[in-house]
Amino acid sequence: MKRTDDCGRLRKTDIGRTATLMGWVQTRRDHGGLIFIDLRDREGITQVVFNPTLSPDIHKQAKDLRSEDVIAVSGKVEARPEGTVNTHLSTGKVELIADGLEILNPAKTPPFPIEDNVLVSESLRLKYRYLDLRRPRMLANLKRRHQILRVVRNFLDGYGFIEIETPYLTKSTPEGARDYLVPSRVNPGQFYALPQSPQLFKQILMVAGMERYYQIARCFRDEDLRADRQPEFTQIDFELSFVDRDEILSLMEAMLTEVFQMVKGVSLPTPFPRLSYQEAMERYGSDKPDLRFGLEIHDVSSLVAGSSFQVFQEALSRKGVVKAMALEGKATLSRKELDELTEAAKTLGAKGLAWVKVSPQGFESPIVKFLGEPLLQKISGALTAKAGDLLLFVADQLKTAREVMGGLRVQSAERFGWIPADQFRFAWVTDFPLVEYDETEQRYVAMHHPFTSPMDEDLPLLESEPRRVRAKAYDLVLNGSEIGGGSIRIHRRDVQSRMFKLLGIEPAEAQEKFGFLLEALEYGAPPHGGIAFGLDRLVMILSGAESIRDVIAFPKTQKAICLLSDAPSHVTERQLKELHIKTDVVE
RNA sequence: GGGGCCGUAGUUCAGCUGGUUAGAACGCCGGCCUGUCACGCCGGAGGUCACGGGUUCGAGCCCCGCCGGCCCCGCCA
C-alpha cells in the first residue's frame, strides 16, 4: 500500500474518492458490528470505519487493533451520516470506509495515554520521550520552534546575514560559567571545552570581514538546572560590523516583530520600551522587569527621614534606603497572609517587612504610631495609594532593598493574579555597569563579558572609578524573562588590554587565553557588536510552556541526566586509558 | 552546597490516631453490542506501598539513611 493522504487532509471535496492513510491508532470504538478507529499522524486525525457487511475479512482483522498500532488503511472517503459530524476535527465531516488494512507494526500498550491534558510524571515522560512527543501539544511546540527558526533564517537572509558554523570543540576560557570539558586523545592531558557561546569566534569572523554573521548555535554551560535552564541550549547568535547599538536594537525589533506576526499573528508595537539598568532597578527592582503589570517600587527615604521609626532610621543612618510599594486592594490580608509576605521578604534577603493598611478611617499598622498620620498621608500620596491598599516597606542597603522589593513585586503579581494572560511585553534594558565587584573573588568581574565595550564617555574612568563605567551592553526582556543580550564589543587592542587589567587578568594569562583575539584586533578589526537570543526561552514563552523542557526534544533532568538514553554513563577502562584519564571515584 | 514538595496497581490519585484481605477512576484482558467519537453494558486480572535499616505485638502511615523527579536559593560573564 502507498500513502495517498495524511490524516489531517480529507475534506468534503474528497468524498467519493479512494485514499490510503498511514498512522497510529489513537482510539478504537468497537460496537461489535461497526468498529471506529481514530487514525492519527503528524497532521491530524481521521475516523476510519470498519463495516462487517461491506468488508467482513478486514473487519475481522480490525478487531485486533490496539492503541498506537501503526497501520495502513485504504478505502473510500464518504460523508458522515447526518448527526455524526465531529466538529472538533478538521476532517470531521468525512470518514474513510476501510476496504484494506495492513498492520505495519503492532504496539505494546503505552505506559501513558497519548493525549494532551493528562497528568503524567515528568520522569516517565522523559523515559518514553518518543511517546511524549506524540502528544499534540509537544508536537505543536516542536513545530513552532521550527517555524520560528524558519522565519528568522528567512528574515536574516533578506538582510545580508551569512550563517556560519563555529567549533564545538574549542578552548576553555576563564570567566563565565563552568565549562564542559572534552579530553584530547592525541594531546594527552589536554582538554577542549564545549563553547558557552560562540563569542570569540564570531568576533574573529568580524575581523575576517564577514560583516554580518548569524548562527543557530548550541551552547553548553555546566551549571545547575532550572525550569528555564538546560546544560545545553540554543542561541540565535548574531554579530555585525560597522553598526551602532541602536541599529542592532531596531534590526532585532524588526526580526521579532516578524516572528510574532508569523507565529502568533500578533503585531508588536515598536520601538520596544527602553530602560536604563538604573531605571529598571529603581522602578522594578530587577534588571529583567516584567512590564505586564505596574506595581512600581518607590523610594521613600527622604519622606521617612524625619520619622521616629527606629528600623527606618537605622537603615538610613547606615547609608541605606527605604523602599515602598502599594498592593492594590490588599488591605484585607489576614495576619497570617502578612506573616507569609514577611517570610517571603526574609527569604529574599530582607531583615523584615513593614506594612500599613490604608482604610477609609485612616491607617492601620503596628508602626502607625512611629510614622504618624500626616507622614503616611504624604507617603500614600507619593505611591498614589487609596483606601483598601496595602503599603509595604523594606529598609536596607540599596541593593538588598531593591532586590527584595523586586522579588515581592513579582511574587505578589503571581499570587494575586495580576499578570494578564496572552500578553507579550518587551523591554530593552541598556546602560549596564561594565563591571561589578565580586566580594568572594575580591576583584572586578565583567557584568556582561570581558569583550564588552565601555561607553566612550566613561572610558577615562576605567582605572579610577570602574564601578561608574557603563557598558555598551543591552538585554532584551520579555515578560520578565531575559531572552537576549548583547553588546558593542571592544575592537581596539589597547582598550581590550585595559579591560583585562581591570579584571585582574595578567598580561601573560590574557595572552595565553585570548592571545588570538588580541592579535586579531591588531589586524584591522572593524567596530562591531552583536546579540544572542535564547531560542528555548523564546519558544517557551510563545508556546505558553511552563518549562524549557517542553520545547526541547530531548531535555535533561535537574541532575543533568537524559532519562531516555541514560547519559551520562560509565565508560570502559580502555577508553579512559586511551585518553590518559584516571578518576578518583570509588565504586 | 542549601531550602521545599513529591514517590502506593500500567497511569493519576485516595488511604483516618499505627490495627482485619491496601481502594477509586482511567487504562488493560475477556464477553455482549451496526453510528460511535470520554461509546455503552457485564465480568476479570493487576501491588517489592521507590529502596535499605530501625521503633513496635503490629508500619503504606512514625524515625534514620538512601535513590529518583520537580520548584527555589547559591551558581548561570
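Order of the sequence lines fixes the chain letters, A, B, ..., with proteins taken first and strands second; residue numbering starts at 1 for each chain.
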Protein within reach of the bases, or only the backbone? For nucleotides 7-13 of chain B, mark each nucleotide 5' to 3' as B, S or -, using heavy atoms under 4.0 Å. ---SSS-
For nucleotides 34-45 of chain B, 5' to 3', base contacts (B), sugar-phosphate-only contacts (S) and non-contacts (-) with protein non-hydrogen atoms under 4.0 Å give BBBB-B------
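Contacts classified as side-chain hydrogen bond (donor to acceptor under 3.5 Å, both in side chains) and involving residues 69-87 of chain A (residues at least two apart or in different chains) are given here: A:N86-A:H88. Applying the side-chain hydrogen bond (donor to acceptor under 3.5 Å, both in side chains) rule to pairs touching residues 32-46 of chain A yields A:R3-A:D41, A:Q26-A:R40, A:T27-A:D38, A:R29-A:D38, A:R40-A:E68, sequence neighbours excluded.
In this structure, CD of A:E115 is placed 10 Å from C1' of B:C26, rounded to the nearest angstrom. The CG-C1' distance, from A:D536 to B:C76, rounds to 14 Å in whole Å. One atom, CG of A:L348, and another, C1' of B:C72, lie 11 Å apart when rounded to the nearest Å. Per the geometry, CG belonging to A:D179 stands 14 Å off C1' belonging to B:C75, to the nearest Å. Note: CZ (A:R226) to C1' (B:G74) measures 8 Å, nearest angstrom. Rounded to whole angstrom, the span from the CZ atom of A:R178 across to the P atom of B:G1 amounts to 10 Å. The CD atom of A:Q411 sits 17 Å away from the P atom of B:C71 (whole-angstrom rounding). What separates CD1 of A:I548 from C1' of B:C70 is a distance of 15 Å, to the nearest Å.
Taking atom C1' on both B:G65 and B:G23, the two are 30 Å apart, rounded to the nearest angstrom. Rounded to a whole angstrom, the distance from the C1' atom of B:C26 to that of B:C39 is 15 Å. Rounded to the nearest Å, the gap between the P atom of B:A50 and that of B:C61 is 8 Å. Nucleotides B:U12 and B:G47 place their C1' atoms 16 Å apart, quoted to the nearest Å. Between B:G31 and B:C37, the two P atoms lie 22 Å apart (nearest whole Å). Straight-line distance between the C1' atoms of B:C42 and B:C33: roughly 11 Å, to the nearest whole Å. Comparing the C1' positions of B:U55 and B:G15 gives a spacing of 22 Å, expressed to the nearest Å. Comparing B:U20 with B:G60, their P atoms are spaced 10 Å from each other, to the whole Å.
For residues 551-568 of chain A, proximity to RNA chain B is found at A:T557, A:Q558, A:K559, defined as any non-hydrogen atom under 4.0 angstrom from a strand atom.
For the side chain to side chain donor-acceptor pair (under 3.5 Å) test, no residue two or more places apart in sequence or in another chain qualifies with A:K60. In this structure, the ring pair (Phe, Tyr, Trp, His ring centres under 6.0 Å) partners of A:F416, at least two apart in sequence or on a different chain, are A:W418. Applying the side chain to side chain donor-acceptor pair (under 3.5 Å) test to A:Q235 and every residue at least two apart in sequence or in another chain returns nothing. Remark: A:R11 pairs with no residue by the side chain to side chain donor-acceptor pair (under 3.5 Å) rule, at least two apart or across chains. Under the side chain to side chain donor-acceptor pair (under 3.5 Å) criterion, A:K202 pairs with A:D237, A:E239, sequence neighbours left out.
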Using residues 433-440 of chain A as the side-chain source, report each donor-acceptor pair under 3.5 Å to any protein atom, sequence neighbours left out, with the distance given to one decimal.
from, atom 1, to, atom 2, distance (Å)
A:Y437, OH, A:Q442, O, 3.2
A:D438, OD1, A:T440, N, 2.9
A:D438, OD1, A:T440, OG1, 2.9
A:D438, OD1, A:E441, N, 2.9

Please set out all donor-acceptor pairs under 3.5 angstrom arising from side-chain atoms of residues 397-405 of chain A, sequence neighbours excluded.
from, atom 1, to, atom 2, distance (Å)
A:Q397, NE2, A:R318, O, 3.0
A:K399, NZ, A:E403, OE2, 3.4
A:R402, NH2, A:Q278, OE1, 3.3
A:R402, NH2, A:E282, OE1, 2.8

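Each of A:D228 and A:R221 was matched to the nucleotide of RNA chain B holding its nearest heavy atom; the match closer to the 5' end belongs to A:D228.
A salt bridge is absent between A:E223 and A:R229: the closest approach of a Lys/Arg side-chain nitrogen to an acidic carboxylate oxygen does not fall below 4.0 angstrom. Between A:E175 and A:R443, at least one side-chain nitrogen of the basic residue sits less than 4.0 Å from a carboxylate oxygen of the acidic one, meeting the salt-bridge criterion.
Between the side chain of A:R229 and the base of B:C76, at least one donor-acceptor pair of N or O atoms lies under 3.5 Å.
Base pairing of B:U56: no nucleotide in any strand meets the Watson-Crick or G-U wobble criterion (both distances under 3.5 Å). The partner of B:C13 is B:G23, judged by Watson-Crick or G-U wobble contacts that both fall below 3.5 Å. The partner of B:G43, taking Watson-Crick or G-U wobble pairs whose two distances both stay under 3.5 Å, is B:C29. Across all strands shown, B:C61 remains unpaired; no Watson-Crick or G-U wobble contact has both distances below 3.5 Å. Here B:G35 sits opposite no nucleotide as a Watson-Crick or G-U wobble pair (both hydrogen-bonding atom distances under 3.5 Å).
For A:R125 and A:S123, the side-chain atoms include no donor-acceptor pair closer than 3.5 Å.
The aromatic ring centres of A:F500 and A:F514 sit less than 6.0 Å apart.
In this structure, A:S197 reaches the bases: a heavy-atom distance under 4.0 Å links it to at least one base atom across the strands shown. Counting any heavy atom pair closer than 4.0 Å across all strands shown, A:R549 reaches sugar-phosphate atoms only and no base atom.
Taking all atoms of both residues into account, the shortest heavy-atom contact from A:A72 to A:M22 is CB-CG, 3.8 Å.
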